[in-house]
Amino acid sequence: MDRVLRSGLFGPWDKPEVIEKLDQPAPGCQPEEGCPQWGIDSWHFYPNFMLLIWEPGWYLTYHYWPTAVDKHIFECTLYFVPPRNARERLGS
């Protein structure tokens, strides 16, 4: 299935065209220039927000909402480039 859809656990294998057109990652991402092993960058913003940028061209956010001294609500939202066709939709 992964080979047919060209995707896996971490999303589509092929970067979206909008990402491929970028010559370099965004400032602050991949601090070591030309590092081929770059895969993820993450930032935590006090008090409850986290941003993770993945190399294949998508990102996600985490929110932690305290509800009690020993409990919280965890929210995760993933952001992908919108698919252009059915294959891309199934692969994301």
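This structure is a prediction, so every number in the text was calculated from the model and none was measured.
- Scanning both residues, His72 and Pro66, for their nearest heavy atoms gives CB-CA, 4.0 Å.
- In this structure, the ring pair (Phe, Tyr, Trp, His ring centres under 6.0 Å) partners of Phe74, at least two apart in sequence or on a different chain, are Tyr62, Tyr64.
- In this structure, Tyr59 and Ile53 approach most closely via the heavy-atom pair CB-CA, 4.0 Å.
- For the atom pair OG1 (Thr61) and CG (Leu52), the distance works out to 9.0 Å, reported to the nearest 0.5 Å.
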Just distance, no hydrogens or angles: give the donor-acceptor pairs under 3.5 Å from side chains in residues 75-82, sequence neighbours left out.
residue	atom	partner	partner atom	Å
Glu75	OE1	Trp65	NE1	3.2

